[in-house]
Amino acid sequence: MTGLARLLAFVACAALCSGCPSRASREAIKQCHFTLRTIDVSGYGPLEVELLVTLGVHNPNDIEVVVDQMDYTVYLNGEKLTHGRTSQDITIPVGGNADIPISARLNAIELGRAAFTLLRGDDRVLKVRATYYIELPWGREPFPFEIERRF
């Protein structure tokens, strides 16, 4: 029984030591400031457009921000605008800047709704629901989060 107790204590300690700083550096993205650097069409079809979007990110946090694989969906005033995923892992230093390349797909209906909302000029709410996949010693752990901005 003592061997099992030691093993459980070791596993709990390893999880606490490796998971917390790792998770905090990923959660810190919520306080980052984003700018749109570029949008390029990387593919298209009759009902869909695939974009390569470069986001500029400034890290105002007192810890570095780590962006691993991330899947996301973007909503404009509650209507789905696009979905996609990050294309590479990025580390943003404390007080530093980085560019994050992401792929995004828009279908014709979503694009039409977004154009109508943007042209109306009302108060707009952009919401991003995302899931990070944090690399831990025992595998990738999903970590969902949400960011919402009014503009």
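The figures here come from the full heavy-atom set of this structure, side chains too, leaving out hydrogens, waters and symmetry mates. Here, residue 1 is the first one in the sequence, and each next residue gets the next number.
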[atom1]-[atom2] distance between [X] and [Y], expressed to the nearest 0.5 angstrom:
X	Y	atom1	atom2	answer
Y75	L126	OH	CG	12.0 Å
Y72	E146	OH	CD	16.0 Å
E50	N107	CD	CG	13.0 Å
M70	T86	CE	OG1	5.5 Å
D62	Q31	CG	CD	10.0 Å

Quick check: do [X] and [Y] have side-chain heavy atoms less than 4.5 Å from each other?
X	Y	result
T38	D40	yes
T91	V65	no
I147	K127	no
N97	I92	no
C32	H58	no
D89	V66	no
L51	S103	no

Original post:
Hey, quick one: are V41 and V74 part of the same hydrophobic cluster, counting side-chain heavy atoms closer than 4.5 Å, chains of contacts allowed?
Top reply: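 Yes; tracing contacts between hydrophobic side chains, which count when under 4.5 Å, links both residues.
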
Original post:
Any donor and acceptor pair, going by atom type alone, linking the side chain of N59 with main-chain N or O of P93 inside 3.5 Å?
Top reply: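 Yes: the side chain of N59 pairs with the backbone of P93.
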
**OP:** Evaluate the criterion side chain to side chain contact (heavy atoms under 4.5 Å, CB included) for residue pair N61 and V94; output intermediate values, then yes/no.
**Re:** CA-CA 6 Å; N61 299 292; V94 174; over 6 Å; no

Original post:
Can you list the steps and then say if T73 with K80 is a side chain to side chain contact (heavy atoms under 4.5 Å, CB included)?
Top reply: CA-CA 7 Å; T73 304; K80 181 181 170 186; 3.9 Å; yes

Original post:
Of the options L106, V49, I102, which is the one that meets T82 in a side chain to side chain contact (heavy atoms under 4.5 Å, CB included)?
Top reply: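 Only one option passes, and that is L106.
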
**OP:** Would you name the heavy atoms of I63 and A24 that are closest together and state the gap between them?
**Re:** CD1-O, 3.4 Å

